[in-house]
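Okay, structure first, notes after.
Each chain gets a letter, A, B and so on, in the order the sequences are listed, and its residues count up from 1. Note that the structure is predicted; figures quoted are calculated from it, not measured.
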There are 2 protein chains.
Amino acid sequence: MPTSKDVAQAAGVAQSTVSYVLSGKRPISEKTRKKVEAAIEQLTYQPNAGARALASRKTRVIGLVIPFIPELEMGSIMEFVSVIASTARQYDHDILLVTDDEGAAGLGRVVGQQICDGLILMQVEDEDERLPVARGLNVPVVLIGIPRDPSGLVCIDADFEMAGEHCVRDLAAAGHSVISVIDWQPAVMDRHVNYVDRFLHGTDVAAEALGVTVLHLPGGTDRATISESVDKALTSTTGKPAFIAPDRTIQDILRRILSSRGLTLGLDVSVIGSASPTLAELQPIPLSTIDLRPAEVSRRAVKIMCQLLDADSHGPHESLELVPTVITHRSSTLRPQ
Amino acid sequence: MPTSKDVAQAAGVAQSTVSYVLSGKRPISEKTRKKVEAAIEQLTYQPNAGARALASRKTRVIGLVIPFIPELEMGSIMEFVSVIASTARQYDHDILLVTDDEGAAGLGRVVGQQICDGLILMQVEDEDERLPVARGLNVPVVLIGIPRDPSGLVCIDADFEMAGEHCVRDLAAAGHSVISVIDWQPAVMDRHVNYVDRFLHGTDVAAEALGVTVLHLPGGTDRATISESVDKALTSTTGKPAFIAPDRTIQDILRRILSSRGLTLGLDVSVIGSASPTLAELQPIPLSTIDLRPAEVSRRAVKIMCQLLDADSHGPHESLELVPTVITHRSSTLRPQ
DNA sequence: GTGAATCATCGATGCGTATCGACGATGCTG
DNA sequence: CAGCATCGTCGATACGCATCGATGATTCAC
């Protein structure tokens, strides 16, 4: 592997000059720059990351702490990961994976060894055990999700409250006076991620404002639980029932139950779920969805991180950013009256 | 951040001694070791990764090249990623994400900058454009998937041929004489991953050996295509039909179509699909599945990589490892007669 | 009790880059 | 044309660790 010294020699300049050509931190004459660039090209020189990190005290690597919960929303997590990695490259950074099975100690490790300049935490829980560690690190940390106490932390997440409000508002506009919200599956509830509460709160706020009724019903990955929830919903209204089921597994079961009772989506009953556009369109009756915009959340998380890294004022930052959600009405909801 | 020099000072030894305590590459007296370890503990010293990489020429980081194909098998990819990251830690390595949207150039970058010691490529296609680049790199490369020409490369994948054979064998044993294999969805077929061919070949081999008929029918993410395939299957046998549908999206559609025709899984018709155990159990009729063992494939990929890194004989390695697949019969297949 | 062999530790050096101070060359002001 | 600021480049040094050769301290054999 060629080094900057080799490049310098080939270009007939000092090593430091090569460095300045690359960084642009000192003026370089056009002539010299051309020579150096030619040498770089010819030797296919690429700076050594280790040496660069050692000298500059910047690795240009961001640690991404992913949950190690097999089976739970794998696809959804991957969408974050993929977009985060891709966006990081746009800011000339790379992503190092830190799995949660190392526990909070993993954060201390990658920061302590100075493998990365900052951390993005995914799937932040209400009382996340990683937070005390995160607060003690002298590197920027960006959370995806909002803990109970976000003080002194930089958080970003989808605006679940707006999502809840929006769902209820639209269903009310379609003529529903009683709207049933099915909880996420127990495995998610047990994780104590507060987006659930924020979402439900949003539905309550809208219900109060519009004078409609919102029922909160338990979710589950077994047919029985949801079947029971559907029963409650049906007996609670004389009009056409409406369901909001943001959990993907649950919405699948819900749809089957409704159809087995002879209820046609978009005709006898409204259902708003959550799915990627492609998946939503793929359904027998295309599903109206609330888009929680994982890609946009991911992009912004990386952007915020890179801004923090550029500023590198290591003081205690604090901010909270909510990404607007978007409802797309397909065929599973009644038309607004 | 404390350095090994600080530790040396605190322990009253030379910096090199600290280094030898850590690496164990030279004998150290019990007394000295204790002193150094105490100092390390007290200062919470952690070696600087950049400096270590610079001096040792090893980063202890493995690059993981993930496909940047939104929407396609996200969940499945995440299972690989998660297990790979976690396994890498067991070998005291970390994982750097390299997204495919950088193209093959991304490989050259991370290796050229010496950010990582080796590469694991996921979703390797038949004529993968990354392969020429990979062959030219002087670092170990492990492929998950098998290209058309695997010469000079280290590959690992699930044994799709065995999977196909096994599916047909079990369905034949259950009394089916005509077995329909539904292709993967077009998006997968278009990627020219040859596991499709290997799987289909396996079904043909078994069919020939057992004297049963195997039909290859087109898959699709639209109901119409699969409906048509089902028709063909039904008219091709006087006995009870059997389906093998390894694509997850397709098996969902298939099940709906069969049930809408009044066919009960495990009674009138056999279906073997592919899904995680939890998901398979969750179905109204628990799905018999062929497990392609992504976790095991991931673990072995990392293991192979770490062995190559340890050996670090940078000669041209070549190997091909196939991971046995496992069929689990639940309720969607007829009992063997 | 002398020489050789082994053991434990130290000091020095190199890895490849960023960065600082210095210095000659050039341009400008009056 | 003297004096001074600016520009462009160089040399030297630091970053934190691994590693090699050297050296003093022990041990052992005879």
Query - Heavy atoms from other residues, nucleotides or ligands near CD of A:E127 exceed 12 (cutoff 6.0 Å) - result: yes
Report task. Mind listing the closest non-hydrogen atom pair of B:A51 and A:L54 along with its distance? Result -> CB-CD1, 3.7 Å
Query raised in the report: Between A:D94 and A:R89, is there a salt bridge with N-O shorter than 4.0 Å?
Result: yes
Query raised in the report: So, do A:V302 and A:V83 sit near enough that their side-chain heavy atoms are less than 4.5 Å apart?
Result: no
Query raised in the report: Starting at CD1 of A:I40 and ending at C1' of C:dT17, how long is that distance when rounded to a whole Å?
Result: 13 Å
Query - Ionic contact status for A:E37 with A:K34, cut-off 4.0 Å - result: no
Requested in this report: Starting from C1' on C:dC15, measure out to NZ on B:K58 and report it in whole angstrom.
Outcome: 15 Å
Query raised in the report: Given that A:A49 and B:R26 both sit by DNA chain C, which one's nearest nucleotide is further toward the 5' end?
Result: B:R26
Query raised in the report: Going by heavy atoms closer than 4.0 Å, what residues in residues 108-116 of chain A are next to DNA chain D?
Result: none
Query raised in the report: Does any non-hydrogen side-chain atom of B:M122 lie less than 4.5 Å from one of B:P67?
Result: yes
**Report entry** Whole angstrom value for the distance that separates P of C:dT19 from CZ of A:R52
**Finding:** 10 Å
**Report entry** Atom pair distance, as rounded to whole Å: CD in A:Q9 and C1' in C:dT17
**Finding:** 17 Å
Query raised in the report: Which ones in residues 12-22 of chain B lie close to DNA chain D, meaning a heavy atom under 4.0 Å from one of its atoms?
Result: B:Q15, B:S16, B:S19, B:Y20
Query - OP1 or OP2 of C:dA18 under 4.0 Å from side-chain N/O of A:R57 - result: no
Query raised in the report: Hey, does the side chain of B:K25 come within less than 4.0 Å of D:dT19's phosphate (OP1/OP2), counting only N and O?
Result: yes
Check: residues 8-22 of chain B side-chain donor-acceptor pairs under 3.5 Å, at least two apart:
| residue | atom | partner | partner atom | Å |
| --- | --- | --- | --- | --- |
| B:Q15 | NE2 | B:S4 | OG | 3.4 |

Query raised in the report: Nearest-Å distance, NZ (A:K31) to P (C:dT26)?
Result: 10 Å
Report task. Let me know the distance between NZ of A:K5 and P of D:dA12, rounded to the nearest Å. Result -> 12 Å
Requested in this report: Could you state the atom-to-atom distance from CZ of A:R60 to P of C:dA18 in whole Å?
Outcome: 11 Å
Query raised in the report: Using 4.0 Å as the upper bound for N to carboxylate O, is an ion pair formed by A:K58 and A:D117?
Result: no
Query raised in the report: Taking everything shown except A:E318 itself, do over 12 heavy atoms lie less than 6.0 Å from its CD?
Result: yes
Report summary line: In whole angstroms, the gap separating C1' of D:dC17 from CG of A:L54 amounts to 8 Å
